[in-house]
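The model shown is predicted, which means the values in this text are computed figures rather than measured ones.
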Amino acid sequence: MTNDPFTHPDITESEISRAVEVANSRIEEAENILWDVANQTESIDQATEIESVTRDIWDIQNQLAEIQENSTD
């Protein structure tokens, strides 16, 4: 993995921005799936647990947004 742009020591701001963008896109997909499942399940306990995970995902998305903002400063 020596050519992996995300682990190279001289990673650029644009590479960081792109990595955050890709990660956020994948996390957003997971969020949408979990949100749909939480709304469709008949088990209140499962829905509550899934919604809790979804909130954690929102926190991660906020952190990624902060990284994105800081990398453009």
Can a donor-acceptor pair be found between the side chains of E31 and Q61 at a distance below 3.5 Å? yes
Working to the nearest 0.5 Å, report the span between CD of E13 and CG of N70. 9.5 Å
Quick check on the hydrophobic clustering: are W35 and I27 connected, directly or via other members, by side-chain heavy-atom contacts under 4.5 Å? no
Smallest separation among heavy atoms of V20 and L64, with atom names: CG1-O, 3.4 Å
Among side-chain atoms of S14 and T12, is any donor-acceptor pair under 3.5 angstrom? yes
Are R18 and E15 close enough, and set up right, to give a salt bridge (Lys or Arg N to Asp or Glu O under 4.0 Å), and what steps lead you there? CA-CA 5 Å; R18 179 65 182 140; E15 291 170 327; over 6 Å; no
As a test of understanding, state which of T54, T48, V53 forms a side chain to side chain contact (heavy atoms under 4.5 Å, CB included) with I50. T54
For the pair R26 and E29, find out whether any cationic side-chain nitrogen is under 4.0 Å from an anionic carboxylate oxygen. no
Specify the closest pair of heavy atoms between A47 and A38, including all atoms of both residues, with the distance to one decimal. CB-O, 3.5 Å
When rounded to the nearest 0.5 angstrom, what distance separates CG in N62 from CD1 in I57? 12.0 Å
Between OG1 on residue T41 and CD on residue E51, distance to nearest 0.5 Å: 10.5 Å
